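I have placed the structure first, in the form of structure tokens, so that the comments after it can refer back to it.
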Amino acid sequence: MAEEKLPTRAEDFSEWYNQLVLKAQLADYAPVRGCMVVRPYGWALWENITAALDRRFKATGHQNVAFPMLIPRSFIDKEKHHVEGFSPELAVVTIGGGEELAEPLVIRPTSETIIGHMWSKWIQSYRDLPVLMNQWNSVVRWELRTKLFLRTLEFYWQEGHTAHATREEAEFETRQMLDIYTDFAVSDAAIPVIPGKKSDAEKFAGADTTFSIEAMMGDGKALQAGTSHFLGQNFAQAFEVRYLDQNGQLQHCWTTSWGLSTRFIGAIIMVHGDDQGLIMPPKLAPIQVVIVPIYKTDEEKSSVLDAARKLNAELVKAGIRVKLDEREGQSAGWKFNDWEMRGVPVRVELGPKDVAKQAAVLARRDKPGREGKVSAPLADLPVTTEKLLAEVQQALHDKALNFRKSNTHDTKNIEELKRAVENGFALASWCGSADCEAKIKEETRATMRCIPLEQEGQAGECIACGKPAPERAVFARAY
RNA sequence: CGGGGCGUAGCGCAGCCUGGUAGCGCGCCUGCCUUGGGCGCAGGAGGCCCCCGGUUCAAAUCCGGGCGCCCCGACCA
């Protein structure tokens, strides 16, 4: 690392983000434009995210599967809106084994089509339903403007796909998975999100209805952190996914799909991070506690390291993800800064003075300097640490929620909305027309993020046209 | 896809205008010293100066062409 300090978020949020991702060794640029290499620390975070989600998917009856990456080009063409939405960003394979292919293959941008194709073979009867599947994979979308984690040509995600006998059941599934994303974001990532419905302009290509969870980043911009789509019978019709019901009638299935990607790592960085670097939510942190030993003489070194290793073992036994930093040649101060930059939520400082009184200094990442430090007896440390991790988890969530609240404004006209989205969210009544939505975007550079499921306050007149509006929507500049 | 910036040691950069021995900081290696908030000293290793062509006795430097990456704007998980 050439530069030790990051730019501050106020100076240049975008540059702060870029440098942090590289310096914290979450990811690096790949040799191909717009592609990233996820490094061990970043992947460990992703693994914790996948574990937290996968647990929830399994608990609601979903099974994991693996579909191939290559899809016949013609499949994409079968659903009208789908092809319109995805054609511009497809990567297409035209040569295989040195021969021009009879039919080009696309690298999946998402798997609705190939899954629909297979379902048409597998689903015959209402007894075969529902089908509840999920796959962890990567997909490719040829984006023009890329940014590590937030938008790369290839990204990692999970895509859930389900087929149901009735509209109601499919709609329930769509909402259930949105709830799961919300619960994950709030409980595990400490990121408050607004679950809501997308406008027609913003919805998934091929969906009847798209829901999303929207989060506010540290610069006040919005990030769509997860989506759940009610696909109606669009793909079932395009791929003839049909079943015979109890009355002997042939019916099209109702399907859903839902996804959450490595983009979520970008959300964690931009929601919790501060000018010192990352702050990992304890529940997802690859390293929850780092022990930094401090010593001068050989004698001190051996007694401190003895105590540190013993402590390390006890914390491991308590189920805490702990790392003992035994690196030589870096000073304790250097290590403090290093682990702060990498966002470890709790640091244990252990030096001769501490060992003498059988204690250790605990420092919490979310409170800088002395303010966040306390001394605690070594014997209690597994318990004390666990408690502190829970406190940090809660504090991060509350801080993010307060930040969002204080940067969200009720707006009554376009001027107010324009000002509100300079550094936050705007709540505004919206009549629901695409024209008004387009007008707002044109004049303010903000997009309609979602119509929150939980409506706060009374809807009045549409902010753009003045006609009565049924609902209030969130507008913001978005990543 | 438009606008801007940048390609020189692992990283960050200077040198280029005005052609002539390739440099600085950090990192890395060795040794000593240090470790409670980004220690210090000494020695050392490390280069297709993005690529191709041109001008010239001589090109990192001037000229032409290409490629790549980043940033900013319109589309997107």
Side-chain angles (χ1 to χ4, degrees), chain A residues 1-6 12-15 17-19 22-23 28-35 84-90 109-110 138-159 181 198 201-205 207 210 212-215 223-229 257-267 276-277 292-298 300-301 304-305 325-341 347-355 360-361 363 368-370 372-373 375 441-442 445 447 477-479:
Chain A
M1 297 313 128
E3 305 267 326
E4 290 190 329
K5 284 215 168 64
L6 293 164
D12 189 343
F13 194 84
S14 177
E15 196 50 30
Y17 177 90
N18 289 337
Q19 288 192 23
L22 298 175
K23 286 188 64 178
D28 201 352
Y29 295 103
V32 175
R33 176 196 75 86
C35 291
E84 280 169 10
F86 279 110
S87 285
E89 50 187 64
L90 291 178
T110 178
S138 70
V139 291
V140 169
R141 300 180 185 176
W142 214 262
E143 301 289 349
L144 298 177
R145 198 176 145 200
T146 58
K147 200 172 173 80
L148 293 171
F149 289 118
L150 297 179
R151 196 179 301 100
T152 47
L153 298 200
E154 181 186 15
F155 60 88
Y156 301 87
W157 75 344
Q158 56 69 217
E159 44 175 324
Y181 289 151
K198 286 290 195 182
E202 298 280 336
K203 75 184 183 189
F204 172 74
T210 289
S212 71
I213 52 172
E214 300 285 330
L223 184 79
Q224 178 174 311
T227 50
S228 185
H229 314 292
S257 67
W258 25 277
L260 186 147
S261 75
T262 35
R263 166 181 272 192
F264 200 91
I265 291 177
Q276 312 309 315
V292 178
I294 300 157
Y295 48 80
K296 282 196 189 70
T297 63
D298 280 350
E300 283 173 353
K301 178 177 171 182
V304 165
L305 279 184
D325 186 354
E326 291 199 47
R327 284 179 291 180
E328 311 231 10
Q330 268 97 355
S331 69
W334 190 93
K335 290 177 182 177
F336 294 172
N337 285 286
D338 190 44
W339 291 114
E340 278 172 9
M341 191 265 296
R347 177 180 69 237
V348 177
E349 303 172 12
L350 194 61
K353 291 182 238 167
D354 306 297
V355 175
V361 171
R370 295 218 175 281
K373 292 195 189 189
S375 181
K441 187 172 172 183
E442 178 89 8
R445 285 173 56 211
T447 50
R477 295 202 181 143
Y479 278 99

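Chain letters run A, B, ... following the sequence lines, proteins first, then strands; residues in each count from 1. Computed from a predicted structure; not experimentally measured.
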Are any of [X]'s side-chain N or O atoms less than 4.0 Å away from OP1 or OP2 of [N]?
| X | N | answer |
| --- | --- | --- |
| Ser14(A) | C72(B) | yes |
| Asn18(A) | C71(B) | yes |
| Arg145(A) | C75(B) | no |
| Arg370(A) | G36(B) | no |
| Ser331(A) | U34(B) | no |

Could you tell me the separation between the [atom1] atom of [X] and the [atom2] atom of [Y], rounded to the nearest 0.5 Å?
| X | Y | atom1 | atom2 | answer |
| --- | --- | --- | --- | --- |
| His229(A) | Trp258(A) | NE2 | CH2 | 11.5 Å |
| Leu148(A) | Thr262(A) | CG | OG1 | 10.5 Å |
| Ile265(A) | Phe149(A) | CD1 | CZ | 4.5 Å |

In whole angstroms, how far is the [atom2] atom of [N] from the [atom1] atom of [X]?
| X | N | atom1 | atom2 | value |
| --- | --- | --- | --- | --- |
| Glu84(A) | C76(B) | CD | P | 12 Å |
| Asp298(A) | U34(B) | CG | P | 11 Å |
| Trp334(A) | G40(B) | CH2 | P | 14 Å |
| Phe155(A) | C76(B) | CZ | P | 13 Å |
| Phe13(A) | C72(B) | CZ | P | 12 Å |
| Leu22(A) | C69(B) | CG | C1' | 12 Å |
| Asp28(A) | C11(B) | CG | P | 10 Å |
| Gln19(A) | C70(B) | CD | P | 15 Å |

Would you classify [X] as touching base, sugar-phosphate or nothing, given that sugar-phosphate means primed atoms plus P, OP1 and OP2, and contacts are heavy atoms under 4.0 Å?
| X | value |
| --- | --- |
| Gly351(A) | base |
| Lys353(A) | base |
| Phe264(A) | nothing |
| Thr146(A) | sugar-phosphate |
| Pro352(A) | base |
| Val361(A) | base |
| Glu300(A) | nothing |
| Lys441(A) | sugar-phosphate |

Is there a donor on the side chain of [X] or the base of [N] sitting less than 3.5 Å from an acceptor on the other?
| X | N | value |
| --- | --- | --- |
| Asp338(A) | G38(B) | no |
| Gln330(A) | G38(B) | no |
| Arg151(A) | C76(B) | yes |

Closest nucleotide among [options] to the [X] side chain:
| X | options | value |
| --- | --- | --- |
| Glu143(A) | G36(B), C75(B), C28(B) | C75(B) |
| Tyr29(A) | C76(B), C70(B), G37(B) | C70(B) |
| Lys296(A) | U35(B), C70(B), G38(B) | U35(B) |

Between [N] and [M], how far apart are the two [atom1] atoms, rounded to whole Å?
| N | M | atom1 | result |
| --- | --- | --- | --- |
| C62(B) | C49(B) | C1' | 16 Å |
| C57(B) | C48(B) | C1' | 23 Å |
| A14(B) | C24(B) | C1' | 7 Å |
| C26(B) | G19(B) | C1' | 31 Å |
| C50(B) | A59(B) | P | 15 Å |
| U18(B) | A60(B) | C1' | 15 Å |
| G64(B) | U55(B) | C1' | 11 Å |
| G3(B) | C11(B) | C1' | 29 Å |

Counting only heavy atoms not in Lys373(A), do more than 12 fall under 6.0 Å of its NZ?
->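 Yes - once you tally the heavy atoms of other residues, nucleotides and ligands closer than 6.0 Å, there are more than 12.
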Please name the nucleotide paired to [N] by Watson-Crick or G-U wobble geometry with both distances under 3.5 Å, or report none.
| N | result |
| --- | --- |
| C24(B) | G12(B) |
| C76(B) | none |
| C67(B) | G7(B) |
| U55(B) | none |
| G43(B) | C29(B) |

Would you mind reporting whether Pro368(A) and Glu340(A) have side-chain heavy atoms less than 4.5 Å apart?
->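 Contact flag for Glu340(A)/Pro368(A) side chains = no.
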Do Thr146(A) and Tyr29(A) come within less than 4.5 Å of each other through their side chains, counting heavy atoms only?
->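 Not touching, per the 4.5 Å side-chain cut-off.
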Toward the 5' end of RNA chain B, by each residue's nearest nucleotide, Cys35(A) or Tyr295(A) =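 Its nearest nucleotide being more 5', the pick is Tyr295(A).
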Please figure out whether Leu150(A) or Gln276(A) has its closest RNA chain B nucleotide nearer the 5' end.
->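 Taking each residue's closest nucleotide, the earlier one in sequence belongs to Gln276(A).
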U61(B): syn or anti, with syn meaning chi within 90° of zero?
->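 U61(B): anti glycosidic orientation.
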Between the main-chain N or O of Asn337(A) and the side-chain N or O of Gln276(A), is there a donor-acceptor pair closer than 3.5 Å?
->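 Judged by distance alone, no pair lies under 3.5 Å.
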Step by step, would you call Arg141(A) with Phe155(A) a side-chain contact (heavy atoms from CB on, under 4.5 Å)?
-> CA-CA 8 Å; Arg141(A) 300 180 185 176; Phe155(A) 60 88; 4.0 Å; yes
Under 4.0 Å between a Lys/Arg side-chain N and an Asp/Glu carboxylate O for Glu214(A) and Lys198(A)?
->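 Yes.
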